[in-house]
Amino acid sequence: MLAFLFISLTFSLSITAKTTGCFDNKRFCFELTPSSSSLFLVSVQRKVELPVALTLYSSVLQDIPTGKGELKSKAHVNAFLDTNDQVPLGVVKNADAFWASMRVKWTVGRVDAIHDNAYTYLSPLQPAGEYRIVQGFNGNFSHSGASRYALDFAAPVGTPILAAREGVVIDTKDDGTKGGPTPKFAKHANYVVVLHSDGTTGEYYHLKYKGVVVTRGQTVKRGQLIGYTGNTGFSSLPHLHFGIYVAKFHGKYVSVPFSLNGSSTKAAP
């Protein structure tokens, strides 16, 4: 999604007494618990009651012992956090070595989402006829691969953005101030991500600085104001990028086709 790292950006790690590490404003936390005289059990638990798919990487992580044979190393392990239960991931021999080697990627949303193809979305900019689609599905500039099913609406900075479908705000960012025509600007994108009842997420990108008017965990109605358009991130002109996505492990995602109420999903000639 225009090289979006949304929801899969690696944030700085907070470590308390070398046994706890939390990410993304404590969206989820890793715990190291002594399980024997020589091993620590590594587990993860979400702290925000919203689903997230994550992948943990570590060169020192090993399978949980079964009492049979030697411990086996594992380069990575996936976890889908959709309950508040603690999820065991593996064991390590040295806590400091784990924190030094570990990294994590994540994407908000449900990995088991099945899009409701019968749903017709409201155009997020109204009146719909006033905002031209400058890049549609399979757009040559950046709508390929995981983001092939997305729409770019040209709009002046500060245009109101409405929720295209009802749901729960699962992620936001509005501290970005930069934008430009190459992927190196992607990390500066401001956005709102809304979780839908079918587990997909509606994602609204390139909002202006301080242009988000909703908060994580807030329920929004179809047509409700959620923010204002801008030109932040991987963006060559002021516009709104909108798409419907399904979360994947390894910090990835995939877009799905959708339909707009009374509007085309093709770029205007």
Side-chain angles (χ1 to χ4, degrees), residues 1-16 18-33 35 39-65 71-115 145-148 170-173 183 186-187 189 191 193 195 199-201 203 205 216 243-256:
M1 51 182 71
L2 303 184
F4 290 157
L5 306 177
F6 60 107
I7 336 189
S8 36
L9 289 172
T10 300
F11 289 73
S12 59
L13 177 63
S14 169
I15 298 175
T16 304
K18 297 183 180 179
T19 60
T20 303
C22 296
F23 287 79
D24 195 4
N25 296 318
K26 295 188 177 179
R27 183 184 292 274
F28 56 88
C29 296
F30 292 96
E31 298 283 345
L32 266 62
T33 306
S35 60
L39 295 174
F40 291 89
L41 175 66
V42 180
S43 59
V44 65
Q45 184 179 32
R46 73 177 190 181
K47 301 299 182 179
V48 177
E49 293 188 358
L50 294 169
V52 59
L54 65 84
T55 302
L56 170 67
Y57 308 85
S58 172
S59 60
V60 299
L61 188 67
Q62 298 175 311
D63 282 323
I64 297 174
L71 297 178
K72 295 182 179 180
S73 297
K74 50 198 315 179
H76 72 270
V77 60
N78 297 324
F80 174 47
L81 307 183
D82 63 341
T83 73
N84 295 333
D85 296 336
Q86 216 169 37
V87 179
L89 302 175
V91 297
V92 294
K93 295 180 179 179
N94 183 288
D96 290 342
F98 170 75
W99 295 122
S101 69
M102 70 89 70
R103 58 192 180 95
V104 62
K105 294 182 180 180
W106 67 96
T107 306
V108 297
R110 300 192 63 88
V111 294
D112 56 357
I114 299 177
H115 183 243
S147 282
R148 64 180 298 188
I170 197 171
D171 211 3
T172 67
K173 178 182 179 297
K187 64 183 179 181
Y191 52 78
V193 181
L195 178 69
T200 62
T201 53
E203 311 203 357
Y205 265 77
R216 188 167 68 180
I244 308 300
Y245 294 86
V246 175
K248 299 294 181 182
F249 293 116
H250 298 282
K252 297 183 179 181
Y253 47 82
V254 63
S255 59
V256 296

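Quantities reported herein were computed from a predicted structural model and do not represent experimental measurements.
- Looking only at distances, a side-chain donor or acceptor of Thr55 sits under 3.5 Å from a matching main-chain atom of His250.
- Contacts of Arg216 classified as salt bridge (Lys or Arg N to Asp or Glu O under 4.0 Å), with partners at least two apart in sequence or in another chain: none.
- Interatomic distance, CZ of Phe28 versus CG of Leu50, reported as 13.0 Å (0.5 Å rounding).
- When side chains are defined from C-beta on, Cys29 does not count as touching Val44, because their heavy atoms never get closer than 4.5 Å.
- Of the inter-residue distances, the one linking Tyr253 atom OH with Lys248 atom NZ reads 13.0 Å to the nearest 0.5 angstrom.
- Side-chain N or O atoms of Glu49 include none that pairs as donor or acceptor with a backbone N or O of Asn84 at under 3.5 Å.
- In this structure, His115 has its ring center no closer than 6.0 Å to that of Tyr245.
- Contact of the Val92 side chain with the Leu32 side chain is registered, since non-hydrogen atoms from C-beta on lie closer than 4.5 Å.
- One finds the NZ atom of Lys93 at 16.0 Å from the CG atom of Asp96 (value rounded to the nearest 0.5 Å).
- Between Trp106 and Phe249, the gap from one ring centroid to the other reaches at least 6.0 Å.
- Between the side chain of Thr107 and the backbone N or O of Lys252, at least one donor-acceptor pair lies under 3.5 Å.
- Counting heavy atoms from C-beta outward, Leu41 and Pro88 have side chains that approach closer than 4.5 Å.
- Closest of all the heavy-atom pairs between Ser59 and Ser101 is OG-CB, 3.5 Å.
- Here the closest heavy-atom approach between residue Val87 and residue Ala79 is recorded as CG1-CB, 4.5 Å.
- Put simply, CG on Leu54 and CG on Leu81 are 5.0 Å apart, with the number rounded to the nearest 0.5 Å.
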Q: Check the pair Lys72, Asp63 against salt bridge (Lys or Arg N to Asp or Glu O under 4.0 Å), reporting the backbone distance first and the verdict last.
A: CA-CA 6 Å; Lys72 295 182 179 180; Asp63 282 323; over 6 Å; no

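- Atom NZ of Lys173 and atom NZ of Lys187 lie 10.0 Å apart (nearest 0.5 Å).
- Using a 4.5 Å cut-off on side-chain heavy atoms (C-beta onward), Val108 and Val193 make contact.
- In this structure, Arg103 is positioned above the aromatic face of Tyr57, its NZ or CZ under 6.0 Å from the six-membered ring centre and within 45° of the axis.
- When all heavy atoms of Phe80 and Val52 are compared, the pair lying nearest together is CD1-O, 3.5 Å.
- Side-chain atoms of Ser255 and Arg148, non-hydrogen and from C-beta on, do get closer than 4.5 Å to each other.
- Arg110 pairs with exactly one of Thr200, Val246, Asp82, Ile170 by the side chain to side chain contact (heavy atoms under 4.5 Å, CB included) rule, that one being Asp82.
- Glu31 and Thr20 share a side-chain donor-acceptor pair at under 3.5 Å.
- At least one donor-acceptor pair under 3.5 Å links the side chain of Ser58 to the backbone N or O of Val60.
- Considering every non-hydrogen atom in both Leu39 and Pro65, the closest pair reads CD1-CG, 3.8 Å.
- Ring-centre distance between Phe98 and Phe40: not below the 6.0 Å cut-off.
- Listed for the Asp24 side chain is no donor-acceptor partner under 3.5 Å among the backbone atoms of Arg27.
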